Amino acid sequence: MTEQDFLPKSYSNFPENGFVKWKAPSNIALVKYWGKKPVQIPANPSVSFTLDSCATTTSIAFQKKEDTENFSFDFLFEGKPKEDFKPKIQTFFERVENYLPFLKTYHFQIETSNSFPHSSGIASSASGMAALSMCLMDIEKQLNPEMDDALFYAKASFLARLGSGSACRSVKGDLVQWGAHKNIPNSSNEFGVPYPFEVHDVFKTYCDTILLVHKGKKQVSSTVGHNLMHGHPYAETRFKQAFDNLDALKPIFAKGDLDAFIKIVESEALTLHAMMMTSMPYFILMKPNTLEIINKIWEYRENTKIPVCFTLDAGANVHVLYPSNHKEVVLKFIDEELAQYCENGQYINDGVGQGAVKING
Ligand code: PMV
């Protein structure tokens, strides 16, 4: 499928009004996307675990309107109008209008809420843009009931990508790959695809406990961070490394080789932050407690031989990754040794999930 497939020909049906509701999860990248070209085209391919409990639920009530010149929508976040989010939606609508030509036909009442605590430092843009895109695709499906599932999900991922790059990996589960790679069939810069190769059962139920080290706003947004990869002295080497890591992961995912998995995942996390520290201007998103946690995880792994590892997103929080058969002991370790480094001792137990779901009612 290509971008051209996402331009609808015509609609057979225009309902007066309707209501759709979807829940979409967050995701955590194992091979990181960092650096992009216009518009939201990744500089390198990435792969992520789709999460389960960290999710955004969005509903849209839509009603036909007279004026078809302008976008019209209300936006409510956790039950309250949120004006400062409206420009983001406006920009998103402008960006996707060609692909969803019904956007000016209706007034939309958009309501959204997150399962994770407000301002937890967990990026809600991935789950938020994925949930919004699923709702818009559900509306388009009512206008064009012939659309098949393959197009429905690929286009939802495509729209989510135009909202926030990594959001395109939140539409499906459980392992999603995004970005053209010559050795990965059907891989695309335009949308995420379910990882197409064999995946060992151990990865199907992998756990991710998110340690909330710093809940405040990041000093540097990921948009700024991506842009700093232009002219970055290590950019080309880094992009190549991501391609190579995807190749290296193929037998690792198939065999369930956890030692090799850990090496790539931790190296990817530290490389992401190394890119930030070597940008111009340079910046650091890790906090002292991020490093305390990393050292504790390494010490624990060395002492117990339990295959627990970490990854980081563009922030100070730590994602602790481990196979579900070690859940009990790892949760004890987190509670006794790592929770002290979290703001108010807070962390979220999550794990691999299956992607966006429609909510009835
Ligand atoms: O989707 P964005 O623009 O917020 O970028 C996300 C980048 C990382 O989370 C750091 C890595 C990734 O692949 O998700």
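The structure presented is a predicted model; accordingly, all values stated were derived computationally and were not measured. We're numbering straight along the sequence, starting at 1. Whatever order the structure lists them in is the order used to number ligands and atoms, beginning at 1.
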Using a strict 4.0 Å cut-off to heavy atoms of [X], name the atoms of ligand 1 that fall inside it.
X	value
A29	12 (C), 13 (O), 14 (O)
H226	2 (P), 3 (O), 5 (O)
S166	1 (O), 2 (P), 6 (C), 14 (O)
A314	10 (C)

Next item on the list: Give yes if a backbone or side-chain nitrogen or oxygen of S125 is under 3.5 Å from a nitrogen or oxygen of ligand 1, and no if not.
Entry: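 Such a contact does not occur with ligand 1.
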
Notebook entry, point to check: Taking N or O atoms only and a 3.5 Å limit, does K32 qualify as a polar contact for ligand 1?
Noted result: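 For ligand 1, there is no N or O atom that lies under 3.5 Å from one belonging to K32.
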
Margin query: Contact between ligand 1 and R169 is defined here as a heavy atom of the residue under 4.0 Å from a ligand atom; is it met?
Written below: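 Yes.
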
Notebook entry, point to check: Does the pair R238/E268 count as a salt bridge with the N-to-O cut at 4.0 Å?
Noted result: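 A salt bridge links R238 with E268.
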
Check: Does a salt bridge link E266 with R301, judged by any charged N lying under 4.0 Å from a carboxylate O?
Finding: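 R301 and E266: salt-bridged.
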
So, [X] versus [Y], ring centres under 6.0 angstrom or not?
X	Y	answer
F62	F102	no
F333	Y322	no
F197	F253	no

Checklist line | Region of L272 engaging ligand 1 - heavy atom pairs below 4.0 Å | finding: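 Within the 4.0 Å criterion, L272 contacts ligand 1 through side-chain atoms alone.
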
Check: Hey, does the Lys NZ or Arg CZ of K86 hover above the aromatic six-ring of F73, less than 6.0 Å from the centre and inside 45° of the axis?
Finding: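 Yes, a cation-pi geometry.
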
